[in-house]
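Below, read A as the first sequence line, B as the second, and so on, with proteins coming before strands; counting in each chain starts at 1.
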Amino acid sequence: MNAVEIEQAISTLAERPFDRVEFPFAFLEAFGNKETTLKRLRSGASNKSDLGGVLQTNNIHINVAAPGEVTKTLAALKASPATDRAKAKFILATDGETFEAEDLASGETVACAYADFPDHFGFFLPLAGITTVTQIRESSFDIRATSRLNRLYVELLKDNPEWGTAQRRPDMNHFMARLIFCFFAEDTDIFNGTGLFTATIEQMSARDASNTHEVIAELFRAMNTKIADRAEAGIARWADVFPYVNGGLFGGSPEAPRFSRIARSYLLHIGNLDWRKINPDIFGSMIQAVAEDEERGALGMHYTSVPNILKVLNPLFLDDLRARLNDAGDNSRTLLNLRRRLSKIRVFDPACGSGNFLVIAYKEMRAIEAEINRRRGESARRSEIPLTNFRGIELRDFPAEIARLALIIAEYQCDVLYRGQKDALAEFLPLDAENWITCGNALQLDWLSICPPTGIGVKHQADDLFHSPLDQAQIDFENEGGETYICGNPPYYGSRRQQELQKLDLKQLAGATIQKWKSLDYVSGWLLKAASYTKIEPCRFAFVCTSSISEGLQVSLVWPHILDGRQEIYFAHRPFKWSNLAKSNAGVSVVIVGVRPLSDKGQVKIYTNESVRIVDRINPYLVPAATVYIETRPKPLSDIPRMTMGSMPRDGGHLILDQDEARNLLEAAPVVGRWTRRYVGSAELIRGSVRHCLWIDDGDVALARSVPEILKRLNAVAEMRRQSPLESTAEFSSRPHRFVYLAGESKVRTVGIGGVSSERRPYLPVDVFDSRTVLSNLAFAIYDGPLWSISLLASRLHLVWIAAVCGKMKMDFRYSNTLGWNTFPVPLLTDKNKADLTRCAEDILLAREVHFPACIADLYDEDSMPADLREAHERNDEVLERIYMGRRFRNDTERLEKLFDLYTKMTAGQGIARRRRAEALP
DNA sequence: AATCCGACACTTA
DNA sequence: TAAGTGTCGGATT
């Protein structure tokens with residue numbers, strides 16, 4: 001259960017009549033406890049209460065009090081030895097009238113009317129095992145509001161199916177945005193009188209809700225009619241007390257969907273929340289889930305947390321502004337110049353969602369401006385930072401609506417904070433009609449039309465503006481001498497997860513310039529668009545991207561088009577695991593990359609979660625080295641043996657046998673021993689687990705099929721392959737005894753390396769196998785590889801190289817022969833070198849054997865790696881590094897620098913040789 | 001013919 | 001129940 005679902009569950013519970021017996025269980029159920037857990041508590045099996053209540057170990061002690069005895073009961077719970085023994089985190093007492101609880105760890109208490117306990121749901125969230133509790137508690141209002149809007153939205157769609165159609169969805173979304181504005185306005189004195197909107201609806205609409213939509217429409221109509229025109233428009237008197245708002249929000253049809261009784265009560269319920277507490281920076285991200293069927297309940301999976309947003313905005317431009325503010329001290333003139341600069345800064349988020357980057361940027365800039373004004377003694381001064389300088393593009397209609405609203409609310413809240421309620425109110429209405437959030441496809445739209453050049457760069461003369469639907473921007477907006485910063489967290493879709501239309505976007509963008517455009521992640525579209533924007537309007541940009549943009553194959557595809565001699569990466573955040581309020585964040589790691597024109601000066605910084613390093617330069621692999629693009633090679637660059645990916649079964653698992661299956665099969669028909677081989681992929685290589693596969697020569701097929709179990713399996717393989725949409729797989733359905741792809745075989749031994757390995761392992765997982773062992777496509781093989789190849793593979797140098805240039809699986813190392821082995825720069829090895837390295841490899845293998853049967857995962861655990869094995873690796877590294885450098889490297893950075901350097905030299909030589917050969921041709 | 005990748009997907013503590 | 005860590009095979013070159 002996520003926070004929104006929990007909020008809904010406890011709200012429902014509070015609305016039900018109080019049941020003295022059932023309450024403790026219902027309460028626990030609302031926090032996501034399963035039926036079986038509750039059953040055990042009910043039966044008393046796991047109930048540790050000594051007071052006749054319900055006590056769940058490590059969680060909560062609940063007791064229902066006699067009427068009027070809640071405080072006394074709570075004290076008894078606190079004094080109870082069982083509470084302590086069961087390590088309860090909370091105690092709770094209620095009589096159905098009042099409600100009291102205490103967080104035993106913090107001592108924090110809650111005391112309220114029973115009906116109001118859902119207002120404190122954030123207090124109890126640790127019960128649900130939600131780890132990001134502090135984060136959520138800070139935004140508990142937003143969660144409650146989201147939850148209730150969600151219920152209303154669903155209810156309204158139920159009653160008004162036509163509002164849910166693709167055609168009318170935007171109306172529905174716009175209606176919700178208007179409602180949210182009204183709720184905010186009625187709680188912040190923007191409307192005359194607290195709660196005016198909700199109260200008016202309650203009074204004027206019938207109990208049976210039949211005319212609710214008419215009442216709301218009339219209110220909306222009033223808000224779209226200037227005071228002077230009201231008499232003529234015939235606005236109802238009860239609606240006349242509402243101010244003129246407009247600003248695009250109330251323009252257009254005032255129509256509202258019809259309300260059922262339930263929907264009406266939800267509406268009144270929402271209106272009774274205290275909307276002053278809304279956080280426009282994160283509220284939007286949550287609420288956008290309201291309108292999206294698949295995201296509903298997911299609580300904004302793609303939402304960017306405030307700390308992550310600041311990881312982008314601070315280095316992008318806010319740090320600089322703050323530094324200038326600091327430099328300016330109390331110098332009135334310098335401060336004035338800085339304020340002018342602020343007023344001309346445009347922030348453009350071409351994937352703005354519900355606008356949180358823009359809102360945070362706005363709020364941070366307002367804070368800086370407020371400090372300037374304070375120092376200049378102009379505290380109440382009106383802000384010179386126009387909301388219109390915060391622009392965005394968003395594909396989905398509802399988030400775009402919310403983004404507009406969030407900016408308006410942020411502006412109001414900043415005015416209240418820095419200038420006072422009175423000034424804020426005086427200037428708030430009517431809303432500005434300008435709207436700089438464009439709803440559309442960012443990869444299709446012309447960014448220059450949304451954020452036209454400001455005059456620092458070359459004037460934009462391109463005639464495509466002529467065709468732009470938004471070219472009024474060019475005419476209306478002057479920002480001479482201003483700055484533009486592009487930022488955001490665009491969507492990521494790996495090359496094979498893209499929808500057809502997304503593929504098309506990339507094709508249009510990169511089809512002509514990037515041959516392998518089909519391998520790009522969707523996010524690269526934003527990088528390319530930004531890069532082409534800077535050709536016209538040189539400016540800085542920074543995005544949160546999937547880390548794959550700086551790893552493996554994609555680097556040499558995308559970055560040459562971005563760093564094409566006029567741009568450089570000036571800050572980067574190394575890969576970190578993605579996380580937000582969403583329940584499960586497994587699997588994604590992201591980077592942040594900031595790009596600026598070469599002409600910009602200033603420090604270059606690499607960030608990690610723990611540190612900041614000032615470096616000379618950052619290359620597209622986000623390491624401090626020269627920009628070198630590592631491309632796949634079909635054969636090794638250095639004089640080292642050939643490596644191939646292992647054999648791929650594509651068998652639906654039917655050719656693979658676990659230990660039990662292999663044993664049973666062999667017992668049933670000993671002849672099967674001929675056709676089974678050990679089968680090794682990453683997992684087997686690393687964890688030492690044993691699996692076998694069927695490996696049947698063409699000549700043996702008839703014989704093998706006479707074994708019933710084998711026949712059954714072969715038929716299953718054939719069937720699975722027939723079903724495959726992939727031709728190359730389907731072709732092999734007639735030869736189910738064979739792997740689809742055969743990598744090769746060895747005579748003496750096979751050197752194998754795992755395809756994926758944990759980032760925590762200090763060396764890559766390498767091992768030697770006999771020639772009967774089959775390596776799967778999840779491992780790479782050097783058939784009959786010399787032992788000294790193990791020395792290379794097991795070296796720190798190689799790991800560092802792989803970590804830098806290969807792809808990643810999450811943060812884990814992902815091996816590649818073409819990208820990592822074939823590109824690995826190795827100096828020419830003498831026979832003596834090879835003999836030395838062979839010895840080192842043998843020592844490593846011997847050191848492992850001492851610890852038999854420990855597997856590689858055990859042996860190479862950073863915390864518990866055996867000393868003798870570690871020493872064997874140290875010696876291996878020592879010998880190898882002397883060949884490279886004449887000494888040991890000081891650290892991995894130095895290793896990488898040397899490798900990039902050597903790679904550049906080795907490929908440059910080849911490039912020249914190739915060119916010479918080409919020139920020599922007639 | 002050969003291989004790269006997964007806003008992942010499983011297993012395990 | 002979230003932390004840990006590598007399957008599987010289609011899509012692409």
If the condition is side-chain contact (heavy atoms from CB on, under 4.5 Å), which residues does [X] pass it with, not counting sequence neighbours?
X	value
A:Leu869	A:Ile844, A:Ala847, A:Arg848, A:Leu859, A:Tyr860, A:Met865, A:Pro866, A:His873
A:Cys545	A:Val523, A:Leu527, A:Phe543, A:Ile549, A:Val591
A:Ser771	A:Ser746

Inset, instruction - Without swapping roles, check the side chain of A:Ser547 against the backbone of A:Ser589 for a donor-acceptor pair under 3.5 Å. - result: yes

Legend entry - Contact list for DNA chain C against residues 502-521 of chain A - heavy-atom distance below 4.0 Å: A:Lys503, A:Lys516, A:Lys518

Can you tell me how far [atom2] of [N] sits from [atom1] of [X], to the nearest Å?
X	N	atom1	atom2	answer
A:Ile549	B:dC5	CD1	P	11 Å
A:Arg633	B:dA2	CZ	P	18 Å
A:Glu727	C:dA11	CD	P	12 Å
A:Arg642	B:dA1	CZ	P	14 Å
A:Asn58	C:dT1	CG	P	13 Å
A:Ile856	C:dG4	CD1	C1'	18 Å
A:Phe31	C:dT1	CZ	P	14 Å

Legend entry - A:Lys311 side chain to A:Asn308 side chain, donor-acceptor N/O pair below 3.5 angstrom: yes

Legend entry - Polar contact flag, side-chain donor to acceptor under 3.5 angstrom, A:Arg721-A:Ser734: no

Legend entry - Over 12 non-hydrogen atoms of neighbours within 6.0 angstrom of CZ in A:Arg642: no

Inset, instruction - Step through it carefully: locate the ring centre of A:Trp695, locate the ring centre of A:Phe739, and say whether they are under 6.0 Å apart. - result: yes

Inset, instruction - Could you tell me whether the phosphate oxygens of B:dA1, OP1 or OP2, come under 4.0 Å of any side-chain nitrogen or oxygen in A:Tyr741? - result: no

Inset, instruction - For DNA chain C, just give me the dot-bracket, please: Watson-Crick or G-U, both distances below 3.5 Å, ( ) intra-strand, [ ] crossing earlier pairs, | paired with another strand, . unpaired. - result: ||||||.||||||

Inset, instruction - Using the test ring pair (Phe, Tyr, Trp, His ring centres under 6.0 Å), find all partners of A:His573 that sit at least two apart in sequence or belong to another chain. - result: A:Phe576

Short N/O separations, protein against nucleotides 6-9 of chain C, under 3.5 angstrom:
from	atom 1	to	atom 2	distance (Å)
C:dG6	OP2	A:Ser758	N	3.4
C:dG6	OP2	A:Arg761	NH1	3.0
C:dG6	OP2	A:Arg761	NH2	3.3
C:dG6	N7	A:Asp812	OD2	3.0
C:dT7	OP1	A:Ser682	N	3.3
C:dT7	OP1	A:Ala683	N	2.9
C:dC8	OP2	A:Arg691	NH2	3.1
C:dG9	OP1	A:Gly652	N	3.2
C:dG9	N7	A:Asn777	ND2	2.9

Over all strands shown, is [X] touching base, sugar-phosphate only, or nothing at heavy-atom distances under 4.0 angstrom?
X	result
A:Thr546	nothing
A:Pro765	nothing
A:Ser548	sugar-phosphate

Enumerate all atom pairs, one protein N or O and one N or O from nucleotides 11-13 of chain B, separated by less than 3.5 Å.
none

Inset, instruction - May I ask you to decide if the ring planes of A:Trp801 and A:Tyr903 are parallel, tilted or perpendicular, using 30° and 60° as cut-offs? - result: tilted

Legend entry - Test salt bridge (Lys or Arg N to Asp or Glu O under 4.0 Å) applied to A:Arg761 - qualifying residues, sequence neighbours left out: none

Legend entry - All salt bridge (Lys or Arg N to Asp or Glu O under 4.0 Å) counterparts of A:Arg40, not counting sequence neighbours: none

Inset, instruction - Please collect all salt bridge (charged side-chain N to carboxylate O under 4.0 Å, His left out) contacts where either partner lies in residues 726-738 of chain A, sequence neighbours excluded, each pair once. - result: A:Asp698-A:Arg735

Inset, instruction - Output every pair passing side-chain hydrogen bond (donor to acceptor under 3.5 Å, both in side chains) with a member in residues 513-528 of chain A, not counting sequence neighbours, ordered by first then second residue. - result: A:Asp505-A:Tyr522

